[in-house]
Amino acid sequence: MKVVNILEIADVNEALLNARVPARVRLRDACGGQSLWVEVSREAVAAKDDDAVLAAAREVVSSYFAGRSKPVAFDEDGKSFRLA
């Protein structure tokens, strides 16, 4: 199983910031494994722009991890993901 470290989370969040995508990647790490998801900013949700922001965030996240030979697979909700 591939693992995401906290520095990668910081880097991908910086990539989202640089791409001007108002979202962040969150990580919950426990003994049983890691849980990763994209959190869209409250402003984007309030502006009803959350679907577009989420799509842009998925693109940045996928590109970031693919460049590190860690492709991701998003769940049906489009927010949660895991390393493929």
Side-chain angles (χ1 to χ4, degrees):
M1 175 170 70
K2 294 182 182 179
V3 176
V4 176
N5 68 53
I6 194 67
L7 296 176
E8 289 174 314
I9 297 301
D11 287 346
V12 75
N13 282 330
E14 185 174 342
L16 287 164
L17 183 65
N18 291 338
R20 298 184 187 269
V21 177
R24 299 191 52 84
V25 170
R26 301 295 187 185
L27 166 69
R28 182 171 295 132
D29 198 6
C31 297
Q34 294 181 319
S35 175
L36 299 139
W37 69 96
V38 174
E39 182 179 272
V40 175
S41 74
R42 291 180 192 168
E43 293 80 14
V45 172
K48 306 272 190 227
D49 197 26
D50 50 328
D51 288 336
V53 170
L54 185 56
R58 282 194 302 262
E59 191 173 313
V60 171
V61 169
S62 295
S63 176
Y64 174 85
F65 284 109
R68 282 146 189 80
S69 299
K70 295 180 175 182
V72 299
F74 282 90
D75 292 346
E76 285 184 32
D77 68 0
K79 295 178 183 180
S80 303
F81 66 94
R82 64 191 177 291
L83 298 179

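Each residue takes its place number in the sequence, starting with 1.
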Rounded to the nearest 0.5 angstrom, the OG-CG distance for Ser69 and Leu83 is 11.5 Å
Applying salt bridge (charged side-chain N to carboxylate O under 4.0 Å, His left out) to Glu8 and not counting sequence neighbours gives Lys70
To the nearest 0.5 Å, atom CZ of Phe74 lies from atom CG of Leu54 at 7.5 Å
Q: Treat each ILVMFWY residue as a node, draw an edge where side-chain heavy atoms are under 4.5 Å apart, and state whether Trp37 and Val40 are in one component.
A: no
task: Output, in order, the C-alpha distance, side-chain angles, deciding distance and verdict of side-chain contact (heavy atoms from CB on, under 4.5 Å) for Val3 and Gln34.
output: CA-CA 8 Å; Val3 176; Gln34 294 181 319; 3.5 Å; yes
Residues pairing under side chain to side chain donor-acceptor pair (under 3.5 Å) where one sits in residues 71-84, two or more places apart or in two chains, turn out to be Asp75-Arg82, Asp77-Ser80
Hits for salt bridge (charged side-chain N to carboxylate O under 4.0 Å, His left out) against Asp51, two or more places apart or cross-chain, chain-then-number order -> none
For Lys2 and Pro71 the tightest heavy-atom approach is NZ-CD, 4.0 Å
Side-chain donor-acceptor contacts of residues 13-23 below 3.5 Å, not counting sequence neighbours, with atom names and distances?
from	atom 1	to	atom 2	distance (Å)
Asn13	OD1	Val25	N	2.6
Asn13	ND2	Ile9	O	3.3
Asn13	ND2	Val25	O	3.2
Asn18	ND2	Glu14	O	3.4

CG of Asp29 to CD1 of Ile6, rounded to nearest 0.5 Å, is 8.5 Å
Exercise for the section: Without swapping roles, check the side chain of Arg58 against the backbone of Gly78 for a donor-acceptor pair under 3.5 Å. Expected result: yes
Applying ring pair (Phe, Tyr, Trp, His ring centres under 6.0 Å) to Tyr64 and not counting sequence neighbours gives none
In this structure, CZ of Phe81 is separated from OG of Ser62 (nearest 0.5 Å) by 8.5 Å
By side chain to side chain donor-acceptor pair (under 3.5 Å), Glu39 pairs with (sequence neighbours left out) Arg26
